[in-house]
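Each remark here refers to the structure printed beneath this line.
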2 protein chains.
Amino acid sequence: MANQLSLSIDRSSPVPLYHQVVQGIEAAIHSGVLEPGSRLDNEIDLAAQLNLSRPTMRKAMDELVRSGLLVRKRGVGTQVVSSQVRRPLELSSLFDDLSNNGKKPTTDVLSFSHVEADAATLTALQLPAGSKVYHFTRLRKVGGKPLALMENWVRDDITSMDEAQLSSEGLYSILRRGGVNFRLASQRIGAMIANDYQAPLLEAEVGSALVTMERTAVDDTGRMVETGHHVYRADSYSFEMTLVQR
Amino acid sequence: MANQLSLSIDRSSPVPLYHQVVQGIEAAIHSGVLEPGSRLDNEIDLAAQLNLSRPTMRKAMDELVRSGLLVRKRGVGTQVVSSQVRRPLELSSLFDDLSNNGKKPTTDVLSFSHVEADAATLTALQLPAGSKVYHFTRLRKVGGKPLALMENWVRDDITSMDEAQLSSEGLYSILRRGGVNFRLASQRIGAMIANDYQAPLLEAEVGSALVTMERTAVDDTGRMVETGHHVYRADSYSFEMTLVQR
DNA sequence: AACATTCTAATGTCAGGACAAAGTATTGAC
DNA sequence: GTCAATACTTTGTCCTGACATTAGAATGTT
């Protein structure tokens with residue numbers, strides 16, 4: 001079962017060794033060098049082949065198992081699962097997702113204000129009473145076709161923003177440039193019926209199906225940075241994810 | 001910053017040390033002993049306090065960071081994020097989820113057959129032409145109220161099943177007892193409008209919003225075990241999850 | 001007082017070793 | 001030939017040790 005996956009490790013590179021291994025195996029799987037179902041060499045041999053220690057090799061494989069590309073079984077070995085399973089949902093904005101897929105998203109800023117937060121927003125962002133937030137509504141289109149209607153509230157003590165920025169790039173890239181390091185987000189996905197306000201904007205019929213998402217994002221200092229309520233046309237958007245059993 | 005979280009580690013227990021630490025810290029966070037925003041002692045001290053090595057302590061904290069309960073920052077320390085963020089979506093059945101929350105779900109088996117798989121199912125489960133599968137439709141109720149309408153296809157070369165089993169327990173517990181070790185599932189969540197068939201069964205209006213989920217589950221040998229198409233009443237169900245930045 | 005430099009504390013990465021536990025395959029007894 | 005006991009392979013857990021990197025505080029210089 002010697003599956004020679006000729007990876008090359010660059011010890012002078014600033015990217016961690018285990019991460020180089022992760023990238024190498026990912027590439028091998030996606031390119032078809034490692035076929036679904038094939039067995040890898042055992043951890044010790046693999047580590048020896050790459051002149052790495054076993055813990056480093058294990059850390060790399062841990063990540064691949066977590067992301068669902070590999071499957072391990074004690075006493076048996078490690079197998080490649082199906083390469084066709086999709087990547088797990090990531091912490092990124094819709095704008096980035098679309099851009100990365102070669103699409104050209106555009107944004108219409110329907111409203112923009114810098115106002116005192118209402119009670120619900122204060123709770124969601126855990127802000128003291130009287131705090132001000134940016135509040136805006138955007139319509140995202142791809143190829144001229146409306147895809148998503150997005151309402152967001154962003155705390156104003158991190159970076160300033162204006163309408164022009166929002167219409168030319170994604171919210172998350174603005175915030176990242178403002179020094180925000182996102183760490184996690186909790187979100188809820190559901191469904192609703194397009195109402196009189198949403199339907200014309202999304203160029204859909206009143207009563208057609210929409211996917212809803214509510215999200216609150218937290219940065220590395222534990223601050224709640226942003227909360228939003230988005231709706232997507234159900235005929236052009238859905239959430240894909242991979243769940244991994246621990 | 002000595003945050004005495006008096007955990008006790010049982011070295012004779014079969015549960016791994018790092019997992020005992022995970023459970024202990026989780027409990028401390030949920031019970032409020034560790035408040036959101038508070039800083040933990042550094043890894044080395046914590047390990048010393050519990051008479052553990054640093055790698056073991058780190059592995060425990062890694063898991064907590066991954067699940068979104070802790071946030072680490074190099075040169076600074078480790079903080080508790082927010083106790084109110086929910087646990088990530090897990091690989092379990094709706095039946096288990098409801099049971100664990102103290103609900104009493106019931107299941108009506110609307111149809112059940114053991115037939116040759118159609119083309120779409122053969123593809124989804126990656127089976128050879130002519131394979132037979134179990135195909136059934138179930139209606140799940142909680143407190144007498146319909147919640148979900150579920151259509152599933154299960155390969156028949158793992159365990160046999162019948163209508164009676166399905167009406168008394170969840171699909172996943174049947175499969176687990178049949179020796180299936182689930183490893184991962186890929187799923188897609190979207191929305192649709194209730195049609196003439198779905199609406200009366202779910203006791204909803206035709207045209208009301210439904211959350212849709214398509215899922216294919218893979219076991220530890222890489223076999224596609226089950227695929228299904230579920231719809232949920234949007235007014236009583238949504239998917240909650242936590243995304244963690246890697 | 002403002003700025004650059006140095007120091008310190010904490011997490012991040014990596015090594016090498018040891019033993020435990022779980023499956024699988026082999027061997028042996030009947 | 002069948003079944004149970006044994007050996008082997010592979011992953012799982014845990015340890016000790018070392019150095020790198022980063023963020024922030026303290027310090028010194030201009």
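Order of the sequence lines fixes the chain letters, A, B, ..., with proteins taken first and strands second; residue numbering starts at 1 for each chain.
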Any residue meeting ring-ring contact (aromatic ring centres under 6.0 Å, His included) with A:H114, in chain and number order, not counting sequence neighbours: A:Y134

Holding to side-chain contact (heavy atoms from CB on, under 4.5 Å), I want the full list of residues that pass it with A:V180, two or more places apart in sequence or in another chain. A:I158, A:L175, A:F182, A:D219, A:V225

Boundaries of the chain B footprint along DNA chain D (any atom under 4.0 Å from a heavy atom): D:dT13 to D:dA23

Could you pull out all residues at least two apart from A:D157 that satisfy side-chain contact (heavy atoms from CB on, under 4.5 Å)? A:R155

Using a 4.0 Å cut-off on protein heavy atoms (strictly under), produce a 5'-to-3' string for nucleotides 15-25 of chain C with B for base contact, S for backbone-only sugar-phosphate contact, and - for none. BB-B--BBSS-

Starting at CD of A:Q20 and ending at C1' of C:dG12, how long is that distance when rounded to a whole Å? 15 Å

Let me know the distance between NZ of B:K59 and P of C:dT11, rounded to the nearest Å. 19 Å

Partners passing side-chain contact (heavy atoms from CB on, under 4.5 Å) against A:P16 (at least two apart in sequence or in another chain): A:Y18, A:H19

Could you pull out all residues at least two apart from B:K73 that satisfy salt bridge (Lys or Arg N to Asp or Glu O under 4.0 Å)? A:D220

Tell me: CG of B:D41 to P of C:dA9, nearest whole Å? 14 Å

For A:T227, the option from A:V133, A:N152, A:V154, A:L125 that meets side-chain contact (heavy atoms from CB on, under 4.5 Å): A:L125

A:H19 NE2 to C:dC14 P, in whole Å, measures 11 Å

Interatomic distance, B:M61 CE vs C:dA10 P [rounded to whole Å]: 12 Å

Give every residue pair that meets the salt bridge (Lys or Arg N to Asp or Glu O under 4.0 Å) criterion with at least one member in residues 45-54 of chain B, sequence neighbours excluded. B:E43-B:R54

Should A:Y18 be listed as having a side-chain N or O under 4.0 Å from OP1 or OP2 of C:dT13? yes

Sequence neighbours excluded, the answer for side-chain contact (heavy atoms from CB on, under 4.5 Å) partners of B:E116 is B:K132

